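Notes follow the structure.
Keep in mind that this is a model prediction, so the values were computed, not measured. As the structure lists them, so they are numbered: ligands from 1, and atoms in each ligand from 1.
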Amino acid sequence: MSSLPRAMSVSPELTPQKGHLLRSTENASPDSERCLGGTSPSKNVSNFSEPCVAKRCVWGKLQQNTDVVIFLAIFFRFKRISCPLYRGVISCRSFYLTSRHRGHTRRGRKRLTRHRRDAKMALHPQTGRSYGHHKDGSEPQAEATAQDMGKHSSLGRVGPDVCPIRGLGSQARRPRRGVGTTSPSRGPRPGTLMPATRSRTRFIHCRGQPPRTHVSSKRPKRSRIHRCHTRVPGWTHEKQMGSSIEEGLRPELSRLDQDADLLEEEEAARLPVTSFEGLFLEGNKQPNPGQGPFFYIGGTNGASIISSYCESKGWQRTQDSRCEDYKLKWCEIKCRDNYCSFREGQQLLFQLPNNKLLTTKIGLLSALREHARTLSKARLLPSTQAKVLKMEEFFPETYRLDIRDERQAFFTLFDETQIWICKPTASNQGKGIFLIRSHEEVAALQAKTQSIEDDPIYRKMPFRAPQARVVQRYVQNPLLLDGKKFDVRSYLLIACAVPYMVFFGHGYARLTLSLYDPHSSDLSGHLTNQFMQKKSPLYMLLKESTVWSMEHLNRYINDKFRKTKGLPRDWVFTTFTKRMQQIMAHCFLAVKSKLECKLGYFDLIGCDFLIDENFKVLSWEDEVWLLEMNSNPALHTNCEVLKEVIPGVVMETLDLALETCQKSLHSQKMMPLLSQRHFVLLYNGETTDLWPRMGGSRHLTRLPPSALSSVRAADRTGARKPVPSRDAPTSGFRKSRQPDSSGGSGAESEPSLCSGSPVNSRDTAGESSLGPPEEEREEEHRSASHRGS
Ligand SMILES: Nc1ncnc2c1ncn2[C@@H]1O[C@H](COP(=O)(O)OP(=O)(O)OP(=O)(O)O)[C@@H](O)[C@H]1O
Ligand SMILES: [Mg+2]
Ligand SMILES: [Mg+2]
């Protein structure tokens with residue numbers, strides 16, 4: 001009680017307008033009268049409520065009845081302002097001032113909320129309770145009667161007025177931009193439960209508008225579920241899909257898939273529960289039915305595995321594709337709304353928004369070409385000695401058909417001793433693919449492309465153009481397994497985008513059903529996709545033979561080729577694996593600075609490799625070809641091997657995404673990763689990059705200078721220090737981490753370009769180096785139904 005008069009002293013900064021609510025509350029008690037310098041209640045009240053007739057009535061009554069005044073005084077003195085009469089006065093006053101001084105009063109209300117919090121802390125310094133919580137049930141107005149208004153910090157808006165991060169409950173707060181510390185007068189008291197990482201400058205990754213879920217003074221209470229009503233034309237909008245559909249309303253789901261789903265659920269149940277998972281829930285709160293945390297799955301690809309995983313964490317599936325209050329969203333099809341409403345650091349969202357830089361044929365080709373040019377420039381520098389992969393060593397010669405010069409170059413160089421494969425840029429499952437072996441076929445292709453280009457409709461509608469294509473040199477002599485062609489599906493996992501944490505994961509080998517004959521016109525012997533094989537009537541009978549595990553492949557190559565080709569033992573898990581890792585790391589570096597990154601984005605990319613029959617052991621060249629990279633890789637489990645492989649891949653993906661996100665959020669060291677089991681770390685941006693990346697994210701370029709300067713403010717005890725800027729490419733090469741006990745990379749040296757500004761250059765063909773053209777983007781949405789069969 002003794003603290004009350006002090007707590008009720010009035011901030012000299014508060015103008016009558018700004019502080020009207022506080023004053024009106026306080027003026028109702030004798031204590032507040034003293035605090036206001038002996039001004040009589042009637043005078044005070046009449047001063048600010050003259051226009052209010054209701055007020056005059058009230059005070060007229062009060063002055064006539066001293067007992068009532070005394071009663072009210074006692075009543076308010078004990079901070080339970082529930083008198084409707086009194087509230088009526090407050091409302092009149094608020095209404096008047098709000099309508100008259102709208103702009104000022106908003107700020108006043110904000111400030112009021114700050115003061116309320118301060119006052120609460122002043123009254124309960126030991127509690128360490130989170131700001132804004134009213135666990136004792138006291139009403140905000142009651143708190144307002146006991147404020148230490150003299151503690152109005154000169155830092156103005158800095159301090160605990162920032163809102164709790166929803167995903168972490170009230171324990172995590174975001175500091176205001178440009179300020180790395182909180183005001184001592186406003187900061188957490190000693191002994192409070194606020195985590196040390198709360199005000200790290202890491203949150204400057206949050207760009208643009210603050211998340212709508214911030215608990216602000218304007219909206220102290222909000223519904224937990226928000227709907228985004230923004231519908232952006234040109235982008236896919238998620239349809240509601242969910243477990244109910246999947247479990248009962250999708251007759252097209254094969255029986256095999258349903259069986260597989262059962263197994264996936266068993267797998268999910270076996271998942272070890274890691275210690276960091278709770279961090280992603282709101283404090284220690286147990287999930288309540290209907291109250292989340294929520295997850296949303298768009299589409300059916302891997303849905304049962306993802307669903308089981310999330311449910312094992314106590315999360316609840318929502319069928320509302322527009323639900324913004326989710327912890328995890330895993331959608332097959334990218335939708336702009338998802339990225340607009342994404343809350344960085346609070347949510348996990350599957351797929352980087354512009355992963356097409358890697359996962360379309362033209363995107364990958366363009367990225368690799370540009371990277372090759374950058375590397376060749378860097379190679380001219382005397383300081384750069386390390387061996388770097390060359391694009392032509394692992395990527396078959398490829399030409400774009402949508403660019404006249406390239407197309408012409410291909411038509412000119414073609415001769416009938418070669419086979420070429422023509423593929424649409426953004427399609428999958430072998431759709432639209434054909435082989436080119438003769439001059440007639442080339443002439444037909446030439447005529448077709450020419451007619452399209454001459455078509456006036458095509459000219460007028462650039463975004464409706466037929467999908468762009470590439471022609472690629474066909475690997476005519478692939479390594480065969482029992483006479484059948486195969487390719488290897490591996491995974492590139494971008495578990496965390498801020499900082500980058502990139503992993504390699506083994507997948508499986510995909511074989512054709514029929515024997516390989518390079519001269520056959522039957523595409524099913526040339527294309528190893530499961531989708532192609534499923535077309536065969538023999539598939540149901542022989543499907544198990546179309547998918548091999550990597551162990552199976554390794555055993556086979558050990559048995560059949562080790563002696564004849566002089567291969568090292570376990571070539572698959574040594575030389576071949578290392579090569580795949582190198583190639584993936586190279587591709588990732590090619591687009592690293594252009595990927596749109598936010599904390600919480602993660603991606604799993606399927607990478608297809610083909611092994612040349614003439615593989616040489618001592619040389620890297622011409623052994624392993626990267627055919628393509630796929631977004632939203634197939635996660636079906638319709639074969640025994642896939643049942644073994646896929647659930648593990650998905651769950652470790654989610655585990656790593658969760659753990660890395662949490663560690664980034666709390667500025668903890670990434671390594672060791674508790675959830676790392678089979679994935680191998682390829683790239684650790686925590687140790688390699690200057691991050692928050694200055695040149696990488698387009699969002700970051702919009703940050704105000706104050707926010708960027710606050711990066712440097714992170715240099716304090718316990719904070720992870722950004723690596724000093726290296727002005728690549730002149731800074732030379734960075735050795736990638738070698739495989740080590742901590743899961744280091746097997747990637748060879750690559751120049752470190754991470755701190756260099758992204759160059760919006762155009763390649764020799766004249767296309768934008770930042771990705772596929774507009775028509776391709778359009779096409780991507782049309783063909784996105786299912787990826788990487
Ligand atoms: N350059 C090539 N040489 C030999 N075979 C190739 C080549 N490119 C593709 N193939 C074969 O064609 C198949 C399909 O090619 P690709 O993966 O590029 O197309 P896709 O439609 O994206 O297929 P998916 O995404 O389903 O894997 C490959 O799995 C491979 O068997
Ligand atoms: Mg593909
Ligand atoms: Mg493929």
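Which parts of ligand 1 touch Thr528 is read off a 4.0 Å heavy-atom cut-off, strictly below it: atoms 28 (C), 29 (O), 30 (C), 31 (O). Every atom of ligand 1 with a heavy atom of Asp608 under 4.0 Å away is listed here by number and element: 17 (O), 27 (O). Close contacts of ligand 1 with His526, meaning ligand atoms under 4.0 Å from a residue heavy atom, involve 11 (C), 31 (O). For ligand 1, the atoms closer than 4.0 angstrom to any heavy atom of Ser427 are 21 (O), 22 (O). Atoms of ligand 1 found under 4.0 Å from any heavy atom of Ile433, numbered from 1 in the order shown, are 14 (C), 15 (O), 19 (O), 21 (O). The ligand atoms of ligand 1 that sit less than 4.0 angstrom from a heavy atom of Leu610 are 3 (N), 4 (C), 5 (N). Close contacts of ligand 1 with Arg510, meaning ligand atoms under 4.0 Å from a residue heavy atom, involve 27 (O), 29 (O).
In terms of distance to the Mg ion (ligand 3), the nearest N, O or S atom of Asp608 is named OD2. Closest to the Mg ion (ligand 3) among the N, O or S atoms of Glu628 is OE2.
Below 3.5 Å of separation, one finds an N or O of Gly430 facing an N or O of ligand 1. Residue-to-ligand polar distances place Val475 within reach of ligand 1: an N/O pair is separated by less than 3.5 Å.
With His526 as the fixed residue, the ring pair (Phe, Tyr, Trp, His ring centres under 6.0 Å) test singles out one of Tyr474, Trp420, Phe434: Tyr474. Here the rule is ring pair (Phe, Tyr, Trp, His ring centres under 6.0 Å) with Trp330, and of Phe350, Phe295, Tyr309, Tyr296 only Phe350 fits it.
Residue His678 places its NE2 atom among 12 or fewer non-hydrogen atoms of other residues, nucleotides or ligands, all under 6.0 Å distant.
The pair Glu640-Lys543 fails the salt-bridge criterion, with no side-chain N (NZ, NE, NH1 or NH2) lying under 4.0 Å from an Asp/Glu carboxylate O. Using a cutoff of 4.0 Å between basic side-chain nitrogens and carboxylate oxygens, Glu596 and Arg336 are not scored as salt-bridged.
At a heavy-atom cutoff of 4.0 Å, ligand 1 is contacted by both the backbone and the side chain of Asn428. Looking at Pro478 against ligand 1, nothing comes within 4.0 Å, counting heavy atoms. With a 4.0 Å cut-off on non-hydrogen atoms, Asp487 touches ligand 1 through its side chain and not its backbone.
In this model, no donor atom of one side chain and acceptor atom of the other lie less than 3.5 Å apart for Asp522 and Ser520. Residues Lys534 and Asn529 bring no donor and acceptor atom of their side chains to less than 3.5 Å of each other. Between the side chains of Tyr601 and Gln351, not a single donor N or O lies within less than 3.5 Å of an accepting N or O.
Taking the ring centroids of Phe394 and His586, they lie under the 6.0 Å cut-off.
Under the 30°/60° scheme for interplanar angles, the aromatic rings of His506 and Phe504 are found to stand perpendicular.
Within the structure, ligand 1 has Tyr474 among the residues with a heavy atom less than 4.0 angstrom away. Using a 4.0 angstrom heavy-atom cutoff, Gln530 does not count as in contact with ligand 1. The closest approach between Arg473 and ligand 1 falls below 4.0 Å for a heavy atom of the residue.
When the heavy-atom distances from atom 20 (P) of ligand 1 to Lys361, Lys431, Lys423 are ranked, the shortest goes to Lys361.
Taking the Mg ion (ligand 2) as the apex, the angle formed with OD1 of Asn630 and OD1 of Asn428 is 80°, to the nearest 10 degrees.
Leu492 and Cys607 get closest at one heavy-atom pair: CB-SG, 3.9 Å.
Note that Lys598 lies outside the cation-pi zone of Phe342, set by a 6.0 Å cut-off to the ring centre and a 45° limit from the axis.
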